[in-house]
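Just the heavy atoms: all of them, side chains too, but no hydrogens, waters or symmetry mates, feed the values below. Just so it is clear, the model here is predicted, and its values are computed rather than measured.
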Amino acid sequence: MNEKRYNLFSSHLKALFGGRVHKISVDAGLSCPHRGVTRLRPGCLFCDPDGSGAVGIARGAQVAEQIERGKEVMRRKYKAQRFMAYFQPFSNTAAPVDDLRRLYDEALGVEDVVGLAVGTRPDCCPPEVFELLAEYHRRTYFWLELGLQSIHDRTLDFLRRGHDYACFREAFARARDQGLNVCVHVILGLPGESRDDMLATADEMARLQVDGIKIHLLHVLDGTPLGEMYRRGEIAVLSQDDYVQLVTDFIARLHPRTLVQRLTGDGPRDRLLAPLWSLKKWEVINAIDDALKQRDMRQGSDCRVR
């Protein structure tokens with residue numbers, strides 16, 4: 001693995017490309033089924049009105065310009081040598097195939113971009129889109145990122161996701177049929193879910209042997225339906241210690257080969273209502289590392305699939 005007790009994605013990239021590779025978030029100007037073409041309709045309960053990963057993106061600029069600006073930042077902050085273009089906000093397969101090809105090609109045409117990551121919903125992947133994504137899988141280093149959040153349909157209904165777990169399973173199977181690398185997004189701390197519910201999601205990810213996973217902490221943002229519920233006292237959020245222990249157990253249940261791409265998140269400071277402790281991202285990550293050592297656990301140590 002690496003010095004961590006989990007299969008860290010950044011270490012995988014460094015070994016594969018021989019140096020630091022960083023993702024640059026790109027806003028392709030697309031939307032999602034909930035938001036409509038203008039992005040103004042209500043989304044999922046937790047959805048940031050500006051889209052996930054909106055902080056730092058050069059909105060309104062062309063894809064290539066966004067990447068060039070991102071390269072300057074990544075080189076200065078992290079001494080990055082190569083880059084992946086990450087189509088992140090909203091659903092980046094929700095457009096005609098010709099439009100998607102133009103956007104993806106523009107990103108790959110930027111110097112030192114060695115791969116693509118495309119984030120989307122499982123209900124935005126018709127067969128013709130999978131055929132397109134398979135082309136890019138053959139051309140470059142490619143990841144499809146699918147937002148799942150939870151395997152429990154009652155939770156997905158509560159979140160107003162607009163799809164069920166069966167929809168995810170169908171999209172995941174199609175992606176696997178095309179040989180795509182798939183990174184699944186899940187959220188811990190969702191209202192109504194117990195510890196056992198959340199660990200059941202980990203067990204299912206292990207059973208599927210997903211290629212990658214991003215573990216998100218539930219953020220409550222101002223300007224969202226979830227934020228309104230929080231202000232009314234209708235939902236609670238996890239404490240830092242509870243989250244750290246939960247992530248430790250979650251990691252231990254994952255398949256050893258799954259690449260861990262995220263362990264927590266840092267919501268926009270100007271709109272984050274709770275939990276405020278999440279703003280200290282590296283403190284949380286260090287606490288997770290310490291908990292794994294203290295409990296003598298590592299990724300796969302409690303995995304039920306071999």
Please report the C-alpha distance between D242 and R195 in whole Å, then the side-chain angles of each, then the deciding distance to 0.1 Å, and finally whether the salt bridge (Lys or Arg N to Asp or Glu O under 4.0 Å) criterion is met.
-> CA-CA 10 Å; D242 285 345; R195 176 182 179 277; over 6 Å; no

So, taking the atom named [atom1] in [X] and the one named [atom2] in [Y], what distance separates them when rounded to the nearest 0.5 Å?
X	Y	atom1	atom2	result
L45	Q149	CG	CD	12.0 Å
K71	Q81	NZ	CD	13.0 Å
I215	F250	CD1	CZ	5.0 Å
L218	L226	CG	CG	5.5 Å
W277	L217	CH2	CG	4.5 Å
H34	F90	NE2	CZ	12.0 Å

Taking NZ, NE, NH1 and NH2 as the nitrogens, is one of them in [X] or [Y] under 4.0 Å from a carboxylate oxygen of the other?
X	Y	answer
E228	R231	no
R39	D27	yes
R176	D211	yes
E65	R69	yes
R295	D249	yes
E204	R304	no
E135	R101	yes
D197	R154	yes
R5	D289	no

For [X], does the [atom1] atom have more than 12 heavy-atom neighbours from other residues, nucleotides or ligands under 6.0 Å away?
X	atom1	value
R20	CZ	no
E234	CD	yes
K281	NZ	yes

Of all heavy-atom pairs between G189 and M198, which one has the smallest distance, and what is that distance?
->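 So the minimum-distance heavy-atom pair works out to N-SD, 3.2 Å.
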
Is the side chain of [X] donor-acceptor paired with the backbone N or O of [Y] at a distance under 3.5 Å, no angle test?
X	Y	value
H137	G179	yes
E106	V63	yes
N7	V260	no

Give the C-alpha distance, both sets of side-chain angles, the deciding distance and a yes or no for salt bridge (Lys or Arg N to Asp or Glu O under 4.0 Å) between E72 and R76.
-> CA-CA 6 Å; E72 294 178 11; R76 184 173 65 251; 5.4 Å; no

Side chain proximity check, V114 to F17, heavy atoms < 4.5 angstrom |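 Of all side-chain heavy-atom pairs linking F17 with V114, at least one is under 4.5 Å.
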
Check each of D203, D302, T201 against R253 using the side chain to side chain donor-acceptor pair (under 3.5 Å) test, and report the only one that passes.
->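 Of the listed options, the one satisfying the test is D203.
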
Just do the salt bridge (Lys or Arg N to Asp or Glu O under 4.0 Å) check on R139 and D105 with the steps written out, would you?
-> CA-CA 11 Å; R139 284 177 52 189; D105 283 349; 3.0 Å; yes

Ring centres under 6.0 angstrom apart (H22, Y78) |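 Yes - the distance between ring centres of H22 and Y78 falls below the 6.0 Å cut-off.
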
side-chain contact (heavy atoms from CB on, under 4.5 Å) partner of L116, the single match among L103, L108, N92 |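 Among the candidates, only L108 passes.
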
Begin from the C-alpha positions of R75 and D112 and carry the test salt bridge (Lys or Arg N to Asp or Glu O under 4.0 Å) through to its verdict.
-> CA-CA 12 Å; R75 282 174 172 152; D112 294 325; 2.7 Å; yes

Quick one: sort the Y141 and W143 rings into parallel, tilted or perpendicular, breaks at 30° and 60°.
->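 Because their plane-to-plane angle is over 60°, the rings of Y141 and W143 count as perpendicular.
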
